[in-house]
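Computed over heavy atoms, backbone and side chain alike; hydrogens, waters and symmetry mates excluded.
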Amino acid sequence: MKRGDGDGVRGGVVALLAARGARTHRRAWAAVFAALALGSLLLGTLGLAAGSAALGHARVERYAGADAVVAGTQSTRYTAKPWGGEARTVRAGLTERVRVPARALDVVRQVPGVRAVIADVAFPVTVGGARVTGRPWEAMRLASASPRLLDGQVPTGAREIVVGEGTARVGDRLKVTYADGSATYAVTGVTADARTIHFTSAEARRLAGHPGEVDAIGVLADSGVPDDVLRTRVRHALDAAHLRDVSAPHRAADDPAPLRVLTGDARGEAEFLAAAPARMPLLQVLASLASVVVLIGVLVVTSTVAQALRQRARELALLRAVGATPWQLRRAVGREVGRIAVLAAAVGAAGAVPAYLALRALLVGRGAVPEGLELPFPPWLAAAPLGTAGLMVLIAWLTALGCCARAARVRPAEALREEVPGSARRLTGCVLLGLGAASAGAGALQHGAAAAAAASASALTMVIGCALLGPWLARGAMRVLGAPMRRLGVGGRLAASACTANAARLGAAITPVVLVTAFVLVQLAGGATLGHEAAAQARDAARADVAVSGPGVPYDAVERIRRLPGVAAATAVAHGTIVLPGKELGEPGLERLPVLGVTPRSLARTLDPAVREGSTDGLRPGTVAVGTDRARTLGVRPGDHVQLRFGDGSEARLRIVATYERALALGDFLFSYEELTRHMTAPPPVRVLAALAPGASPTSLSTAFPGARVERDPVPERVRAEDQALGEVLTALAVAAIGGFTVIAVLSTLTLISVGRGPELRQLRLAGADRRRLRRMLLLESAATATAGLSLGTATAALPLLAFALSAAGRLPWLPPGQGALIVAVVVLTTTSATLLPARGALRGRYPVAAR
């Protein structure tokens, strides 16, 4: 026989073995198919989301008619030297407006090819109880080549305005309230934009309150000038004039602030300030979630493939014993798994596109995507799930080769022997448990994201350690559960004997239960603990009897409210964001933090931060109060200074006047109202908390501010991170993914174990055990599996959760009872159904039927 003929024969044998194996063991491969399809679906969906986010950009609306836009640098950067490395620079986006010096108008106007330059400013005004945006009429040219009036004419005088449709009619006179006061204007025109009131250019710049500054400069080019040529010319002109944005004098030395020249899709960044900074956090969260899916997917796919092949260990050993070569065995198993994996991955990839569209709709609906952020989906991006599908196929194929390695490696006569877990496996499991405990201990010394990362790493390491120690943990569990089970009659004794005699089988069954319990507990309880403690701190801090807010409240309302009869104290509150530079685990970083600005007078009577050292009475521009945990991390106390950056990029060195306890609710830094709001794009909507004297009524507040909203027992003040909604949605997705994977693993493992016990159950029936006793035995076995898995999973999650909760919240971990009950219910239902349903054949009929 020729060599080619021999290869053909061997290939034919491999194909025959693979085809027969896939057909004979359909039930075993069903779980593998489900796990691979789910993994391919999730990774494909996350891949599409990451690709779309990478291509994302701010929507171009206000400046759609401009060829280029000159704007300030909406980012800040920080350079530091990590441990033992070269200096690195990190960046963070700024969500408060960084303005442009007005003298840049003359510089850009002189650039060759520039037809016109138009200054744009935007500021909040209140008209008829509604808060709208004020802009210069001339800036309408930047949005459209031919601005259209529905009625009337453009404003030409300082006291003339154009309003949106439905606000007023031409000839009416409207009172307009702005930051520094109010005035009456004559309506000269009406447009279709109901959200904007247009003034003359000079009046708009006066009302904006920033002399010598504009928000952005729109550039209209001559016909035929390409965008890249225009951008280069304007860039060179600005650099030659040594122009920087208005924040440059207040920035850090390592944080330059050149003016930006935006063209194409980048023009939207000058309007939607939160859109560009949101892209990187979105990509980071998606990458983190994808890594979790990959890790859990690998564990589950490995578990299901290994269990499917473990059930066929004697079959594979027999093939070796009758002469199958190691090459034939590996190729047959690899081809068999490959067929299942390719089909499953293709099914998952096909569902990735609709799943991504549903995820994007959910993120937009829950407010997790900031206004103005466009997430494009070009047709070529739909091919991305094919790459993730290939990854799942590769994982399954490598797992299959690894699982049949022993049967292919040993001599045929030894292949029929049972493999006994060795001391190396036990040692590795113990080492991983020790590493997990050490990681949890390190997390207890960390703060914020580092503590959360340490908790997740600890849980993952300890779960893998529990999987390796499964048989020994099962024996230990049965030493605890065996005695109570034996007291439950014949069924209990049978169940205890079966579990004790088959510790390896019980260990394989409880491992996926440990996996789902530990990971879901860490994911849910970590966020729930922080949220629960923050809500409790917010309730404890709330002292105000009423809150006054709404468009009818002027910007100086806090002083007027203090003078009203029956008002004991009043505090204005503003929410903002700062950027804190520093090092975490030796690496430079810029941390975005939500903060509050308050008027300090009688603060404890309206919003009590639980001051520990110092006093908040000293809050004023140039000072700050710091939460105790953050102060301990920074190593500061009252009298020291802290350096940080505001939302507009300005750096400040502030003196600490107090430390306080309720930082989870009120933020790590507490500023004076004036200090925080002067670094914001525009004065925020006014919200005033008021404490009333005994017996006083809030009626005077409603009378003093018609149209204002007066809340009795107001909702407690609480800071919220900008990406909180995104984190909530993707955490729910992560929990659903982990739960789906591990439910598949539990079902497949227990189902395969139950199918393999068919001869055992039939022998018990022949020996005299009736169906009721056997059913009771199986129920008790499933109860033992669920109890052991839940207990070990809870114990595995307890250490990292405890370290994280004590570090981040200063309390024990907490989980809503409903979520805990749901975890228990899912585990119990899954283990019971996976144990009883496959055994129906062996329990059916009056007498057992011989297996065929």
Answer yes or no: is there a donor N or O on one side and an acceptor on the other, between the side chain of R77 and the main chain of D254, under 3.5 Å?
-> yes
For residues 560-569, the salt bridge (charged side-chain N to carboxylate O under 4.0 Å, His left out) pairs (sequence neighbours left out) are E559-R562
Is the closest side-chain donor-acceptor distance between S549 and R709 under 3.5 Å?
-> yes
Which distance, rounded to the nearest 0.5 Å, do you find between the OG of S75 and the CZ of R260?
-> 7.0 Å
Which atom pair, heavy atoms only, marks the closest approach of R687 to V715?
-> NH2-O, 3.4 Å
Checking side chain to side chain contact (heavy atoms under 4.5 Å, CB included) for the pair R678/F646: CA distance, chi angles, key distance, verdict?
-> CA-CA 10 Å; R678 72 183 181 183; F646 288 98; over 6 Å; no
Decide whether T76 and D255 meet the rule of one side-chain donor and one side-chain acceptor closer than 3.5 Å.
-> yes
With sequence neighbours left out, which residue pairs that include part of residues 202-217 fulfil the salt bridge (charged side-chain N to carboxylate O under 4.0 Å, His left out) condition?
-> R99-D215, R159-E203, E203-R206
Cation-pi geometry met for R59 and F272 (6.0 Å, 45°) | yes
Between D629 and R632, does at least one N-O distance fall below 4.0 Å, as a salt bridge requires?
-> yes
For T79 and T89, test the side chains for any donor-to-acceptor distance below 3.5 angstrom and give the result as yes or no.
-> yes
For R366, does the CZ atom have more than 12 heavy-atom neighbours from other residues, nucleotides or ligands under 6.0 Å away?
-> no
Salt-bridge criterion met for R135 and D120 (N-O under 4.0 Å) = yes
So do the side chains of I197 and F199 get within less than 4.5 Å of each other, counting heavy atoms only?
-> yes
